[in-house]
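This report concerns only the one structure given below.
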Amino acid sequence: MEHGQLRIADVAVSGRRDGPDIAEKEPVIPGGPVREGWPDGAGEPAWPVSVAEALGVQDRLRPLVDLVGPGPAAPATVAGLDVAYAEDGDRLAAAVTVLDARTLQVVDSAVATGRPAFEYVPGLFAFRELPALLDALDRLSTPPELLVCDGHGLAHPRRFGLACHLGVLTGLPAIGVGKTPLVGAWEPPAEHRGAWSSLVDGTEVLGRVLRTQDGVKPVFVSVGHRMGLENACAQVLALAPHYRLPETTRTADRLCRTALANNV
DNA sequence: GCGACAG
DNA sequence: ATCTTGTCGC
């Protein structure tokens with residue numbers, strides 16, 4: 001599956017490298033951009049290398065998020081994405097597993113290895129894993145109908161978390177499922193599976209705190225792209241019939257870990 | 001000014 | 001994310 005087939009948005013993904021403030025231009029990753037052939041804008045770098053550039057990228061892509069689409073009510077295939085890091089944090093493996101939405105069986109999968117593409121900065125987390133995740137998506141034989149991301153979507157300081165970024169870049173419906181909160185206020189939902197409470201920032205609803213199993217810690221669900229919050233939660237519940245996390249993330253997690261262990 | 005802070 | 005020991009519970 002080529003980037004073209006994924007319909008990577010034809011937009012500038014990077015930030016401008018020329019700026020007045022020298023201090024803010026310091027590369028976050030020594031050596032600069034790590035990805036070649038990125039669908040960058042005219043004359044612009046392949047990937048942001050500083051915090052200032054990354055913030056600029058988010059600001060530019062944020063308007064491209066589709067908040068209208070309710071999303072597929074009954075997707076045939078759902079993909080889970082996750083990344084595992086080596087102990088030294090020098091190497092990583094990204095995995096995508098595609099499940100049959102009805103049987104929850106893995107019908108396709110792919111792995112890509114690489115290096116973290118950015119320093120870990122809360123709010124800029126996506127820039128670390130995106131290149132490897134897109135590489136893995138490229139290796140699938142068929143595009144999935146929905147992406148379930150390990151991290152937040154709209155529940156982000158600038159309303160553009162990993163799930164939004166991945167959704168915009170691929171054009172696919174995407175939802176974010178975080179294990180811990182990043183932003184927003186919330187109250188613990190009732191103890192039973194399916195119970196939820198709103199994750200809010202003032203009057204703005206960022207997502208939902210959803211209990212996927214009786215008595216277990218809830219997960220944080222937010223819209224990524226081309227999905228409605230109600231539908232997103234329904235999909236997550238359907239994907240988590242027995243465990244706290246959706247089967248999509250569980251299978252992807254196992255795949256990238258074993259891949260990392262086998263140096264594959 | 002001092003914490004908090006997806007993975 | 002990753003490192004860690006035992007422990008509580010089904």
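The sequence lines fix the lettering, A, B, ..., with proteins before strands; numbering per chain opens at 1.
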A:H152 and A:F220 aromatic ring geometry - parallel, tilted or perpendicular at 30°/60° bounds: perpendicular
B:dG7 phosphate, OP1 or OP2, under 4.0 Å from A:K179 side-chain N/O: yes
With sequence neighbours excluded, residues passing salt bridge (Lys or Arg N to Asp or Glu O under 4.0 Å) with A:D253: A:R257
Distance, rounded to the nearest Å, where A:L206 contributes CG and B:dC5 contributes C1': 15 Å
Short side-chain donor-acceptor distance under 3.5 Å, A:D150 and A:T249: no
Sugar-phosphate only, base, or nothing, as touched by A:A84 at under 4.0 Å among non-hydrogen atoms: sugar-phosphate
Among C:dA1, B:dG7, B:dA6, the one nearest A:D82 by side-chain distance: B:dG7
Geometric class of the A:H165/A:F160 ring pair [parallel <30°, tilted 30-60°, perpendicular >60°]: tilted
Nearest-nucleotide pick for A:L182, side chain only, options being B:dG7, C:dT2, B:dA6: B:dA6
Nearest-angstrom distance from the residue atom CD of A:Q58 to P of B:dA6: 14 Å
Phosphate OP1/OP2 of B:dC5 contacted by A:T180 side-chain N/O (<4.0 Å): no
Nearest to side-chain heavy atoms of A:P122, which nucleotide of B:dC5, B:dG7, C:dT2: B:dC5
Touch class at under 4.0 angstrom, heavy-atom based, for A:G123 against every strand present: base
Sugar-phosphate, base or nothing in reach of A:G161, heavy atoms under 4.0 Å: base
Nearest-neighbour nucleotide for the A:E87 side chain, C:dT2, B:dG7, B:dA6 considered: C:dT2
Rounded distance in Å - CG (A:L162) to C1' (B:dC5): 16 Å
Under 4.0 angstrom between A:R257 side-chain N/O and C:dT2 OP1 or OP2: yes
A:Y120 ring over B:dG7 six-membered base ring, under 5.5 Å and 30°: yes
Touch class at under 4.0 angstrom, heavy-atom based, for A:R91 against every strand present: nothing
Residue pair A:E129 / A:Y85, side-chain donor-acceptor N/O under 3.5 Å: yes
d(NZ, A:K217; C1', C:dC8) in whole Å: 17 Å
